[in-house]
Amino acid sequence: MNKEFEGKYAVVTGGAGGISYEAAKALAKKGLSGVVLADLNIEQATESAKKLEEGTGCHCYPCKVD
Ligand SMILES: NC(=O)c1ccc[n+]([C@@H]2O[C@H](COP(=O)([O-])OP(=O)(O)OC[C@H]3O[C@@H](n4cnc5c(N)ncnc54)[C@H](O)[C@@H]3O)[C@@H](O)[C@H]2O)c1
């Protein structure tokens, strides 16, 4: 695990799906303290955050934004 990202958080816009979800996954695997999936679709963001957290162990938070 890369210590460089410890204590850091990422906010990924459009992170519930598509390219941005893949970016969020890559960040979660880097050892960040948390990743926020900021998306218009809060239902999908909630589902994706749960899946990402289970898959990577990184804290993932859904957030509704436009
Ligand atoms: N998929 C590709 O191969 C590809 C290639 C080149 C460029 N792009 C561009 O990259 C971007 C993302 O592509 P994608 O295929 O991952 O898209 P996508 O349609 O899967 O959308 C990604 C996410 O963005 C969210 N979103 C849409 N409008 C939003 C808003 N106003 N605020 C917050 N969240 C919002 C959606 O709910 C969705 O979860 C697009 O602009 C697309 O044109 C995609």
Side-chain angles (χ1 to χ4, degrees):
M1 188 80 63
N2 192 341
K3 296 260 179 208
E4 183 186 351
F5 296 106
E6 233 175 52
K8 295 186 190 296
Y9 291 78
V11 178
V12 183
T13 54
I19 292 169
S20 295
Y21 176 75
E22 295 304 321
K25 195 196 290 179
L27 287 162
K29 287 177 179 172
K30 288 259 181 209
L32 281 162
S33 289
V35 175
V36 178
L37 303 184
D39 203 285
L40 200 54
N41 185 339
I42 188 64
E43 290 80 18
Q44 185 62 50
T46 302
E47 200 176 298
S48 296
K50 188 168 177 275
K51 188 171 94 180
L52 196 55
E53 190 162 300
E54 283 169 0
T56 65
C58 179
H59 293 298
C60 300
Y61 310 94
C63 174
K64 183 169 173 119
V65 299
D66 184 0

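Counting convention: from 1, in listed order, for ligands and their atoms alike. All values below come from the heavy atoms of this structure, side chains included, with hydrogens, waters and symmetry mates left out.
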Check your understanding: Tell me: protein heavy atom nearest atom 10 (O) of ligand 1, and distance?
Key -> I19 CD1, 3.8 Å

Review point. Quick one: does atom 27 (C) of ligand 1 have a protein heavy atom under 4.0 Å from it?
Key: no

Check your understanding: Among protein heavy atoms, which lies nearest atom 31 (N) of ligand 1, and at what distance?
Key -> D66 OD1, 2.9 Å

Practice item. Report the nearest protein non-hydrogen atom to atom 34 (N) of ligand 1: residue, atom name, distance rounded to 0.1 Å. Key: L40 N, 3.2 Å

Exercise for review: Could you pull out the closest heavy-atom pair between K64 and L40, with the gap in Å?
Suggested key: NZ-O, 3.4 Å

Review point. Does some non-hydrogen atom of the protein lie less than 4.0 angstrom from atom 6 (C) of ligand 1?
Key: no

Exercise for review: Please check atom 43 (O) of ligand 1 for a protein heavy-atom neighbour under 4.0 Å.
Suggested key: no

Practice item. Would you give the length of the straight line joining atom CD of Q44 to atom OH of Y21, rounded to the nearest 0.5 angstrom? Key: 9.0 Å

Point to revise | For atom 21 (O) of ligand 1, the protein heavy atom that lies nearest, with its residue and separation | key: G17 O, 4.7 Å

Check your understanding: When rounded to the nearest 0.5 angstrom, what distance separates CD in E53 from SG in C58?
Key -> 7.5 Å

Check your understanding: For atom 16 (O) of ligand 1, is the nearest protein heavy atom under 4.0 Å away?
Key -> yes

Point to revise | atom 25 (C) of ligand 1 [closest protein heavy-atom partner, distance rounded to 0.1 Å] | key: D39 OD2, 3.2 Å

Exercise for review: Determine the sole option in D39, N41, V35 for which the side-chain contact (heavy atoms from CB on, under 4.5 Å) test with L37 is passed.
Suggested key: V35

Check your understanding: Do E22 and K25 meet the salt-bridge criterion of a basic N to acidic O distance under 4.0 Å?
Key -> yes

Revision key, fill the gap. Here the pair of heavy atoms bringing V12 nearest to S20 is CG1-O, 3.4 Å

Practice item. Could you tell me the residue and atom name of the protein heavy atom closest to atom 20 (O) of ligand 1, and the distance to it rounded to 0.1 Å? Key: G18 CA, 3.6 Å

Review point. Is E54 paired with K50 through a side-chain N to carboxylate O contact shorter than 4.0 Å?
Key: yes

Check your understanding: Any protein heavy atom under 4.0 Å from atom 40 (C) of ligand 1?
Key -> no

Check your understanding: What is the closest protein heavy atom to atom 24 (O) of ligand 1, and at what distance does it sit?
Key -> G14 CA, 3.4 Å

Study note, to complete from the structure: On a heavy-atom basis, the closest approach of G7 and S33 is N-OG, 2.7 Å

